[in-house]
Amino acid sequence: MRMSKLVGRRIKEDPKDAKTVSHKFLIRGGYARLVSAGIYSLLPTGKRIVEKIEGIIREEMNRIDGQEVLMPVVLPAELWQESGRYETVGSELLRFKDRNDKPMLLAMTHEEGVVHLARTELGSYKQLPAMLYQIQTKYRDEARPRAGLIRVREFTMKDAYSFHPDQADLEVYYHRCHEAYERIFRRLGMTEVLSIEANSGMMGGKVSHEFMAICDCGEDTVITNKDRSYRANREIAVAAWKFEKPAALPLEKVSTPGKKTIEEVAEFLGVQSENTGKAVFYQDTRTGELVFVLIRGDFEVNETKLGNAVRIGELKFADDAAILAAGAVPGYASPLGVDGKKVKIVVDRSAAESGNLVVGANEADFHYRNFNFDRDLAGVECLVTDIAAVREGDPCPVTGEPLIFSRGIEVGNIFQLGTRYTESMGCTYLDRDGKSHPMVMGCYGIGVGRAMASVMEQAHDEYGPVWPMSIAPWQVEICAITPDKDGVGGVCDRLYDELSGLGVEVLYDDRGEKAGSMFSDADLLGVPFRLVVSPKTLAESQVEFKRRGSRDAERLSLEGLAGVVRGMVERELSLYQ
RNA sequence: CGGGGCGUAGCGCAGUGGCUUAGCGCGUCUGCUUUGGGAGCAGAAAGUCGCGGGUUCGACCCCCGCCGCCCCGACCA
């Protein structure tokens with residue numbers, strides 16, 4: 001490619017709307033342009049990278065016996081009505097009607113679409129397992145797109161779906177796919193991607209993993225220990241808390257006028273927050289059922305863990321009216337005197353395994369000192385479990401070291417779906433004995449554009465991205481300094497032709513710009529190898545060779561240069577095989 | 001969906017109720033000079049001042065409504 005003809009201008013100044021590194025460089029380098037919030041066009045340079053990413057994904061999907069398909073972006077609503085999701089998914093699903101008033105939608109994921117295929121094309125145990133995948137456009141009407149290509153409304157996704165005769169078969173395949181994902185992210189040149197166990201949900205048996213690219217602009221919190229032998233997302237993270245139970249002192253009612261929050265009460269009574277118990281009320285969003293939670297004052301409730309513990313899909317804070325109706329006083333609520341038969345009581349281990357806590361008295365302006373779970377709640381029906389949110393520095397459940405919080409971008413997700421879709425949509429096969437069973441499904445996604453942005457986040461310097469050879473838009477850039485002097489242009493033209501002829505992807509800056517100008521553009525384009533040809537080096541029959549991201553340059557002889565450079569490109573590429 | 005910010009040339013910004021024919025820098029185009037980290041000089045093209053309404057003799061500027069974009073939060077198959 002001759003730079004003089006490359007579409008996608010480089011921009012000297014940071015665009016005002018871009019805050020994250022990848023967003024800035026995507027715009028400044030001419031990789032992508034915003035069309036509407038969260039909707040981008042890819043320019044040639046960006047498109048080349050995306051194609052390489054897709055190529056690597058394709059190779060790895062094929063390696064685990066995937067078969068590529070292409071499903072439509074527009075699906076009839078009836079397909080989603082079959083699975084029930086037409087009703088349950090919110091406004092991020094873009095619904096519309098065609099000319100005949102038939103309800104349609106833009107698919108945000110393709111479980112329904114692929115089951116539509118699988119239930120007609122697959123019918124025998126002999127055909128299983130089978131994996132279908134596609135690399136295709138998804139639309140999700142996100143409430144808040146952000147950070148360039150990190151979170152968008154329209155995007156390209158590799159989504160894969162596997163079909164199995166039973167759970168055991170799925171688990172074997174799931175593991176292969178996990179390995180394939182690790183290979184993919186390594187080959188894309190990501191420096192740090194962690195697979196973390198994600199919320200397994202209330203259905204039990206469901207397993208899923210998120211692949212998190214660690215970087216500061218990540219939207220998610222990844223919780224690990226130092227050597228990363230423990231990895232979890234915030235929703236399911238646990239810690240090896242140790243609690244001490246002192247000798248129980250007698251329960252004592254104390255006046256705490258106007259003191260409602262843990263901080264106020266603790267300060268007023270001269271104790272630490274870990275010597276208090278906090279009462280929190282939740283409600284099942286659907287049924288309105290109340291859940292009373294007691295947790296030690298220095299902890300916060302992890303709503304996902306709580307939801308899993310009580311098998312409620314969606315919880316919200318209970319309003320004061322509901323709390324009063326249950327016989328508790330907001331601000332002074334107490335586990336003492338609450339009827340475990342009327343209200344579900346959940347006690348976090350932190351409160352159950354500590355002692356002599358200050359808790360509410362269920363009476364305005366009064367608290368109790370010296371609450372002890374074993375003694376004071378004896379005989380009350382309640383669930384003792386771990387529903388506490390992990391805090392940075394809490395002891396790791398594996399090693400006991402302090403837990404570390406990092407930020408991560410979710411670049412991939414794999415999920416054991418089970419029969420959620422195959423049962424509702426009638427996707428069955430016949431076994432050896434002619435008996436019909438729903439297929440067991442897994443699904444596996446990677447956001448392609450998000451992956452590109454994530455590589456940028458992880459591999460850049462102050463001047464631009466430093467693309468790994470595996471996905472670089474071009475492998476080599478030639479900068480012709482004063483192309484009309486001393487035969488520079490001719491040498492560059494020849495070199496460009498020779499390298500291209502050898503199959504090397506070359507970007508040739510033939511514009512005759514000032515050197516500084518060319519170098520700045522080159523940095524923004526992040527091509528891994530740079531050849532600088534100038535009268536100075538040509539006088540010694542040499543050119544300058546520089547790796548993007550390295551300070552040092554070396555000289556290479558013009559003699560046989562194209563072959564030498566091709567060899568270097570191939571060596572570099574082999575690092576990503 | 002809540003909170004905040006911003007909409008003036010391709011990009012980044014300035015601007016005042018009327019001497020503004022709306023400017024500045026970058027970029028673009030022409031010419032000359034230049035060529036190792038975003039050069040210099042001279043000239044040029046380029047704007048429905050987000051949209052609609054109102055106030056006014058007069059609105060890019062003041063008022064009302066709408067739209068769009070960004071950031072924080074909620075949400076996120």
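Computed from heavy atoms alone, side chains included, the values below leave out hydrogens, waters and symmetry copies. Keep in mind that what you see is a predicted model, and the values were worked out from it rather than measured. The sequence lines fix the lettering, A, B, ..., with proteins before strands; numbering per chain opens at 1.
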Could you work out the separation of B:G68 and B:C24 based on their P atoms and round it to a whole Å? 34 Å

Nearest whole angstrom, please: distance from the P of B:A77 to the CZ of A:Phe415. 9 Å

Complementary nucleotide of B:C62, counting Watson-Crick and G-U pairs under 3.5 Å: B:G54

When you get a sec, tell me which of B:G38, B:C71, B:A77 is the closest nucleotide to the side chain of A:Thr109? B:A77

Name the nucleic acid region contacted by A:Ile39, choosing base, sugar-phosphate or nothing; use a 4.0 angstrom heavy-atom cut-off, strictly under. nothing

Is the shortest side-chain N to carboxylate O distance from A:Glu154 to A:Lys138 below 4.0 Å? no

Just how far, in rounded Å, is P of B:C70 from CD1 of A:Ile27? 10 Å

Strictly below 4.0 Å, N to O, side chains only: are A:Lys546 and A:Glu554 in salt-bridge contact? no

More 5' along RNA chain B: A:Thr20 or A:Asp14, using each one's nearest nucleotide? A:Asp14

Roughly how many Å apart are B:C62 and B:A44, using the C1' atom of each and rounding to a whole number? 37 Å

Please state the P separation for the pair B:U55 and B:C61 - nearest whole angstrom. 15 Å

Out of B:C71, B:U35, B:G25, whichever nucleotide has its closest atom nearest the side chain of A:Arg146: B:C71

Watson-Crick/G-U partner (both atom distances under 3.5 Å) of B:G43: B:C29

Between B:U33 atom C1' and A:Lys514 atom NZ, what is the distance in whole Å? 11 Å

Are side-chain N/O atoms of A:Tyr496 and A:Arg2 paired as donor and acceptor at under 3.5 Å? no

Of all the choices, B:C69, B:G38, B:A77, which nucleotide is nearest to the side chain of A:Asp17 once you look at every atom? B:C69

With nearest nucleotide decided by heavy atoms, which residue, A:Glu111 or A:Gly38, maps closer to the 5′ end of RNA chain B? A:Gly38

Per the O4'-C1'-N9-C4 / O4'-C1'-N1-C2 angle with a 90° window around 0, B:C51 comes out anti

Report yes if a donor N or O on one partner sits less than 3.5 Å from an acceptor N or O on the other, where the partners are the side chain of A:Lys546 and the base of B:G37; otherwise report no. yes

Is a salt bridge present between A:Arg450 and A:Glu410, judged by a nitrogen-to-oxygen distance below 4.0 Å? no

Rounding to an integer number of Å, can you tell me how far A:Asp220 CG sits from B:C75 P? 12 Å

Side chains of A:Tyr444 and A:Asn413: any donor to acceptor distance under 3.5 Å? no

Among B:U35, B:C71, B:G12, which nucleotide sits nearest the side chain of A:Lys19? B:C71

Base B:G38 to side chain A:Asp521, donor-acceptor N/O within 3.5 Å cut-off: yes

Tell me yes or no: between the side chains of A:Ser208 and A:Glu210, is some donor less than 3.5 Å from an acceptor? no

Pair A:Glu544, A:Thr537: side-chain N/O donor-acceptor within cut-off below 3.5 Å: no

For a quick test of reading the model: is some side-chain N or O of A:Ser534 closer than 4.0 Å to OP1 or OP2 of B:U35? no

Which whole-number value in Å describes the distance from A:Glu219 CD to B:C75 C1'? 11 Å

Side-chain N or O of A:Arg144 versus OP1/OP2 of B:C75: is the shortest distance under 4.0 Å? no

Under 4.0 Å: is that the gap between some side-chain N or O of A:Lys536 and OP1 or OP2 of B:G36? no

Do A:Glu457 side-chain atoms and A:Ser22 backbone N/O form a donor-acceptor pair below 3.5 Å? yes

Closest listed nucleotide, where the reference is the side chain of A:Tyr463 and the choices are B:G38, B:G37, B:C11: B:G37

P spacing across the pair B:A22 / B:G18, given as an integer number of angstrom: 14 Å

B:G73 - base-pair partner by Watson-Crick or wobble geometry, distances under 3.5 Å: B:C1

Could a donor-acceptor pair under 3.5 angstrom be found where the side chain of A:Glu544 meets the base of B:G36? yes

Need the pair for B:G17. Rule: Watson-Crick or G-U wobble, both distances under 3.5 Å, any strand; none if unpaired. none

If only side-chain N and O atoms count, and only distance matters, is there a donor-acceptor pair under 3.5 Å linking A:His209 with A:Glu197? no

Write down the distance separating the C1' atoms in B:U20 and B:C66, rounded off to the nearest Å. 29 Å

Need one value for A:Ser36: base, sugar-phosphate or nothing, where a base atom within 4.0 Å counts as base even if backbone is also close, heavy atoms only. sugar-phosphate

Please measure how far the P atom in B:U16 lies from the corresponding atom in B:C60, and state the result in whole Å. 15 Å

Proximity to RNA chain B (any heavy atom under 4.0 Å), residues of residues 135-143 of chain A only: A:Arg140, A:Ala143

I'd like to know if A:Asp220 and A:Arg234 make a salt bridge, using a cut-off of under 4.0 Å between side-chain N and carboxylate O. no

For a quick check of understanding: with a heavy-atom distance under 4.0 Å over all strands, which category does A:Thr537 fall into, base, sugar-phosphate or nothing? base

Euclidean distance for C1', B:C51 against B:G7 (whole angstrom): 11 Å

The side chain of A:Lys485 is closest to which nucleotide in this list: B:G36, B:C69, B:U35? B:U35

What is the nucleic acid contact for A:Ala553, judged by heavy atoms within less than 4.0 Å: base, sugar-phosphate only, or nothing? nothing

Assigned partner base of B:U48, Watson-Crick or wobble definition, under 3.5 Å: none

Taking atom P in both B:C69 and B:C26, what distance in whole Å separates the two? 31 Å

Between B:G37, B:A77, B:G38, which nucleotide gets closest to the side-chain atoms of A:Lys12? B:G38

Ring geometry between A:Tyr181 and A:Phe185 (parallel below 30°, tilted from 30 to 60°, perpendicular above 60°): perpendicular

So, does the side chain of A:Arg530 form a donor-acceptor pair with the base of B:G37 at under 3.5 Å? yes

Neighbour count >12 (heavy atoms, 6.0 Å) for atom CG, A:Asp216: no

Does A:Arg33 make a side-chain N or O approach to OP1 or OP2 of B:G10 shorter than 4.0 Å? no

Looking at the side chain of A:Ala37, which of B:G10, B:G37, B:C70 is the nearest nucleotide? B:C70

Students often get this wrong, so: under 4.0 angstrom with heavy atoms, is A:Arg28 touching a base, only sugar-phosphate, or nothing? base

Could you identify the nucleotide paired to B:G68, looking across every strand shown and requiring Watson-Crick or G-U wobble geometry with both distances under 3.5 Å? B:C6

In whole angstroms, how far is the C1' atom of B:G10 from the CZ atom of A:Arg9? 5 Å

A:Glu13 atom CD is separated from B:G27 atom P, nearest whole Å, by 9 Å

Whole angstrom is fine here: how far is it from CG in A:Asp523 over to C1' in B:G36? 13 Å

